[in-house]
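Quick caveat, the model's predicted, so the values are computed rather than measured.
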Amino acid sequence: MSWPSHKAAHSVPPHTLTRLAREWLTEDTPNFDPAGVCVGTQEVEARLLCKTPNSVLAGSPFFTAVFTEVGCTVDWIHQEGAEIGPDAITLTAVVRGPARCLLLGERPALNCLARASGIATRCSQLQAMATARGWHGEVAGTRKTTPGFRLVEKYAMLVGSVSMHRQDLSGMVMLKDNHVWASGNITQAVKAARSVSGFSSKIEVECRSAEEGREAARAGADIVMLDNFQPQELHVAAHALKEKFPTLLIEASGGVTPENLVMHLSPHVDIISLGCITQGCPVVDFSLKVQTPVVSSSLQY
């Protein structure tokens, strides 16, 4: 069995892969598998085909983990992070094992690979747009992920060469507008958050104006998110904040799309986060085709 060599694959612990694979298989086959009766345990080979040209392959550790759990092997022809294409159909991997077991793993494995590869492809495209214009900041994802599937989606961002941003609420502290309104003001919210987060966590504050950004910086925020700013307003506000607070990190978010990303690029903006990395992202079309056994014409009777 071949395992992916992409550095991102080494960030996922083996026990996590096993746990997720078992959860997905249990969800898809909670009790009996009546269709498995008609195929039995004969050894078969299936070919994994990518039918979306110029896609970035992502999710192979999860795909492999699913088939390992049902006693099958996977040999990858293309490695994690590779761009597949430009052919309309590309042979990507070969799966071998008992027929009924291979078919048990088919749908969970394909679902994971299709989603992860779609996200990685979009990330790669966004990063290429930013790099082509000489921007040295970070394109980033968000927490707008599919419930129960966040780890895979964040992993796909890594393969697509963008920042995952924070993993969850227990990571970096982000004080959004509702936190500020509920606590009274930005200064009080930052003070309260700092009292429990200590030195090991950065604090980010969502700001709707340059003045709110200045208040957040004066209160000790590490990162100011300029939220839903029009590009020209963003550039002016970011420049002014950087002049007064040179070590402050500035993130732009809200309303950023693949179509207008380049309008938000600025030497004074360090991070641009996009919810569309995971929300509404097209999947990559993969299929798994069991090969018809070759019957010898020289059978002896």
Minimum side-chain heavy-atom gap Phe67-Thr73 below 4.5 Å
no
In short, Cys72 meets Val95 closest at the heavy-atom pair CB-CG1, 4.2 Å
Shortest non-hydrogen pair, Phe286 vs Ser117, comes out as CE1-OG, 3.6 Å
Self-check item: Main-chain N/O of Met263 paired with His235 side-chain donor or acceptor, under 3.5 Å
Solution: yes
Check: Do you reckon Val283 sits in the same ILVMFWY cluster as Leu57, going by side-chain contacts under 4.5 Å, direct or chained?
Finding: no
Residues pairing under salt bridge (Lys or Arg N to Asp or Glu O under 4.0 Å) where one sits in residues 271-284, two or more places apart or in two chains, turn out to be none
Shortest non-hydrogen pair, Gln188 vs Gly184, comes out as OE1-CA, 3.9 Å
Exercise for review: Find out whether Glu251 and His165 are in side-chain contact, i.e. whether some heavy atom of one side chain is under 4.5 Å from a heavy atom of the other.
Suggested key: yes
Go through Gln79 and His6 one step at a time and tell me if the side chain to side chain contact (heavy atoms under 4.5 Å, CB included) criterion holds. CA-CA 7 Å; Gln79 290 296 311; His6 192 282; over 6 Å; no
Q.
Tell me whether Ile271 shares a hydrophobic cluster with Leu265, the cluster being built from Ile, Leu, Val, Met, Phe, Trp, Tyr side chains joined at under 4.5 Å.
A. no
Would you please test Leu48 and Phe63 for side chain to side chain contact (heavy atoms under 4.5 Å, CB included) and show each step?
CA-CA 11 Å; Leu48 175 66; Phe63 185 96; 4.0 Å; yes
Sequence neighbours excluded, the answer for side chain to side chain donor-acceptor pair (under 3.5 Å) partners of Thr131 is Gln127
(message) Is there a side chain to side chain contact (heavy atoms under 4.5 Å, CB included) between Val44 and Gln291? Walk through the geometry before answering.
(response) CA-CA 7 Å; Val44 295; Gln291 301 305 292; over 6 Å; no
So the side chain to side chain donor-acceptor pair (under 3.5 Å) pairs with at least one residue in residues 26-35 (sequence neighbours excluded) are none
ILVMFWY cluster, Leu261 and Val162 together (side-chain gap under 4.5 Å)
yes
Closest non-hydrogen contact found for Ala237 with Ala210 is CB-CB, 4.1 Å
Hits for side chain to side chain donor-acceptor pair (under 3.5 Å) against Thr187, two or more places apart or cross-chain, chain-then-number order -> Glu215
message = Is there a path of hydrophobic side-chain contacts, each under 4.5 Å between heavy atoms of I/L/V/M/F/W/Y residues, joining Ile277 to Met164?
response = yes
Dump the intermediate steps for salt bridge (charged side-chain N to carboxylate O under 4.0 Å, His left out) on Glu233 and Arg208, then the final yes or no. CA-CA 11 Å; Glu233 296 172 341; Arg208 299 166 298 164; over 6 Å; no
Residue set satisfying salt bridge (Lys or Arg N to Asp or Glu O under 4.0 Å) with Asp222, at least two apart, ordered chain then number -> Arg194
Enumerate, atom names and distances included, each donor-acceptor pair closer than 3.5 Å involving a side-chain atom of residues 169-178, sequence neighbours excluded.
{"unit_1": "Lys176", "atom_1": "NZ", "unit_2": "Glu206", "atom_2": "OE1", "d": "3.0"}

What one should report as the nearest heavy-atom pair of Gly81 and Val159 is CA-CG1, 3.7 Å
Using modelled atom types and a 3.5 Å cut-off, is there a donor and acceptor pairing between side-chain atoms of Ser195 and backbone atoms of Ala192? yes
Donor-acceptor pair, distance only, cut-off 3.5 Å: does the side chain of Thr121 make one with the backbone of Val56? yes
Stepwise side chain to side chain contact (heavy atoms under 4.5 Å, CB included) test for Leu20 and Val12: CA-CA 11 Å; Leu20 290 171; Val12 186; 5.8 Å; no
Residue set satisfying salt bridge (Lys or Arg N to Asp or Glu O under 4.0 Å) with Lys154, at least two apart, ordered chain then number -> none
Residues passing the ring pair (Phe, Tyr, Trp, His ring centres under 6.0 Å) test with Phe229, sequence neighbours excluded, are none
If only side-chain N and O atoms count, and only distance matters, is there a donor-acceptor pair under 3.5 Å linking Ser60 with Glu80?
yes
_Distance alone, cut at 3.5 Å: any donor-acceptor contact between the side chains of Glu259 and Thr257?_
yes
Contacts satisfying salt bridge (Lys or Arg N to Asp or Glu O under 4.0 Å) that involve residues 95-118 (not counting sequence neighbours) are Glu45-Arg96, Asp75-Arg96, Arg115-Glu153
Identify each donor-acceptor pair in which a side-chain atom of residues 134-141 lies under 3.5 Å from a protein atom, sequence neighbours left out, and give them as a table.
{"unit_1": "Trp135", "atom_1": "NE1", "unit_2": "Ser266", "atom_2": "O", "d": "2.9"}
{"unit_1": "Trp135", "atom_1": "NE1", "unit_2": "Val269", "atom_2": "O", "d": "3.2"}
{"unit_1": "His136", "atom_1": "NE2", "unit_2": "Gly134", "atom_2": "O", "d": "3.3"}

Quick note, side chain to side chain donor-acceptor pair (under 3.5 Å) partners involving residues 236-246, not counting sequence neighbours, are Lys242-Asp270
Residue set satisfying side chain to side chain donor-acceptor pair (under 3.5 Å) with Arg19, at least two apart, ordered chain then number -> Glu23
Main chain of Lys144, side chain of Thr278: is a donor-acceptor contact present, judged purely on distance under 3.5 Å? yes
Heavy atoms of Met129 and Pro258 approach each other most closely as CE-O, 3.1 Å
Next on the checklist: Please check this pair: side chain of Ser11 against backbone of Lys7, looking for a donor-acceptor N/O pair closer than 3.5 Å.
Outcome noted: no
| Trp24 and Leu17: same hydrophobic cluster, using ILVMFWY side-chain contacts below 4.5 Å? | yes
